[in-house]
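Working notes for the structure below.
Computed from a predicted model, the values in this text were never measured in an experiment.
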Amino acid sequence: MRSRFILGDILRNRRRSVNLPRYLTYIVTWTCNARCIMCDCWKKDSPEDLTLEEVEKIYDQLPRMDAVRLTGGEPFVRKDFTALADLTQKCLRPRFLHVTTNGFLTRRIVEFCEQRDRSTPLRLLISMDGMSEKHNHVRGRDTAWSTTSETVRTLAPRQEELNLQLSVNQTIVDSDGIDQYRQLRAYLQPMNVQVNVVMAYDASATYSLKHDTAVARSQIGQFTTFGDFDQHRVSELADEVEADLKNFPWADRMAKRYYWRGVRGRLAGDADALNPSCVALNSHLRLYPNGDVPVCQFNSRRVGNLRHQSFESVWSGEEIAREREWVRKCPGCWAECEVLPNAIYTGDLALKTFGG
């Protein structure tokens, strides 16, 4: 029944030229204790993170959200993260809270899961890019595997108790990914933890050291991976991942099939690859640690700052109107964190799932 209500809301919103946001991605800090090979986030300074008081002032101006994703950087380096998450639930009343973490700070992460307001379901996504030395190499820390695996092992048997859905996010950076996927799957299966596989792309405006930059593609079908891949190996990985989706919850299975269908099409250079209209600066709001509102993952140009401006003035301003025109003309990306909100709020996910 709840799914029908959400779908009805989405269809009603599609009739409006500009929607109020329904999905929030809040990067709570740039600070990160990893040194990932595919990301420059850890090189960024984060001296002006919003305080709890400033976050509450911003939240009070926002509509209720369907979902909120708290991420970084590494969100758990903020010692006030539990209070920030509780504030998010109290003010924005999301149907679920999504938190991404590298899993290094085991004690802090476990205490958060124990102490948080458990009335809202938590989806905790912990990064694991392979087994042991492979994970250490990708995350740039000799202790990455030992700390992350301890976090997973500690939380896995407590998922029901903590109203927690625990998953592992494997970022594929090279052709070794399929073998690493198989090993991770075997390691995690007895713990009832699923592996969410994503392809690392070659560039991101969000995590670049450059400010106010756009790295969007020039045509539909373009998708450049971070590493060099043998296309046969990519297809082999996609086949195996999609076959394993039968074990995922129904909604997750639908979303991941959509994502991998798009990966296949774009890596094959298919001009007719899946390409939902973008809902950036529309149903999807992004918020930077200092209150800046950027366009999207691939365009870090800022349309305003919610620390210094009201949400209403930013959302209806001239700057955001110009960037919405940029979004309208963008040929499309294939980063999961952009694609799935696009697919959900345009109805394309439901259309492609049930319509062929």
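Using a cutoff of 4.0 Å between basic side-chain nitrogens and carboxylate oxygens, Arg139 and Asp129 are scored as salt-bridged. By the 4.0 Å N-to-carboxylate-O rule, Asp252 lies too far from Arg257 to be salt-bridged with it. Electrostatic pairing of Asp86 and Arg116 does not count as a salt bridge here, judged by no charged N lying under 4.0 Å from a carboxylate O. Under a 4.0 Å N-O distance rule, the pair Glu54/Lys57 does not qualify as a salt bridge. Taking 4.0 Å as the cut-off between side-chain N and carboxylate O, Glu56 and Lys90 count as a salt-bridged pair. Residues Arg182 and Asp179 are paired through a salt bridge, judged by an N-O separation under 4.0 Å between the basic side chain and the carboxylate. Using a 4.0 Å cut-off between charged side-chain N and carboxylate O, Lys256 and Glu336 make a salt bridge.
If you check the side chains of Gln309 and Asn305, you find no donor sitting under 3.5 Å from an acceptor. The closest side-chain donor-acceptor pair between Glu74 and Thr101 falls under 3.5 angstrom. Side chains of Tyr59 and Thr88: a donor-acceptor N/O pair is present below 3.5 angstrom, by distance only. With no hydrogens or angles considered, no side-chain donor-acceptor pair links Asp49 and Asn290 at under 3.5 Å. Using a 3.5 Å distance cut-off with no hydrogens or angles, the side chains of Ser313 and Ser310 do pair a donor with an acceptor. Neither side chain, Asn102 nor Ser127, offers a donor N or O lying under 3.5 Å from an acceptor on the other.
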**Request:** List the steps and the verdict of side-chain hydrogen bond (donor to acceptor under 3.5 Å, both in side chains) for Asp348 and Thr346.
**Result:** CA-CA 5 Å; Asp348 199 59; Thr346 61; 5.3 Å; no
**Request:** Might you work through the salt bridge (Lys or Arg N to Asp or Glu O under 4.0 Å) test for Glu325 and Arg328, ending with a clear yes or no?
**Result:** CA-CA 5 Å; Glu325 183 63 16; Arg328 188 185 67 79; 2.5 Å; yes
**Request:** Begin with the C-alpha distance, continue with both residues' side-chain angles, and end with the deciding distance and a verdict on side-chain hydrogen bond (donor to acceptor under 3.5 Å, both in side chains) for Asp244 and Tyr181.
**Result:** CA-CA 11 Å; Asp244 289 337; Tyr181 170 69; 2.6 Å; yes
**Request:** Decide salt bridge (Lys or Arg N to Asp or Glu O under 4.0 Å) for Arg93 and Asp66; before the verdict, give the C-alpha distance in whole Å, the side-chain angles of both, and the deciding distance to 0.1 Å.
**Result:** CA-CA 8 Å; Arg93 296 176 293 140; Asp66 293 328; over 6 Å; no
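For Glu318, the CD atom is loosely surrounded, since the number of other residues' heavy atoms within 6.0 Å does not exceed 12. Shown here is Lys79, whose NZ atom has no more than 12 heavy atoms of other residues, nucleotides or ligands within 6.0 Å. No more than 12 heavy-atom neighbours from other residues, nucleotides or ligands sit within 6.0 angstrom of CZ on Arg107.
Classification of the Tyr187-Trp145 ring pair by plane angle, with boundaries at 30° and 60°, yields tilted.
One finds the NE2 atom of His98 at 9.5 Å from the SG atom of Cys337 (value rounded to the nearest 0.5 Å). We find the OG1-CD1 distance between Thr100 and Ile126 to be 10.5 Å, quoted to the nearest 0.5 Å. Atom CG of Asn163 and atom CZ of Arg123 lie 11.0 Å apart (nearest 0.5 Å).
Cation-pi geometry between Arg253 and Phe248 is not satisfied (NZ or CZ under 6.0 Å from the ring centre, within 45° of the ring normal).
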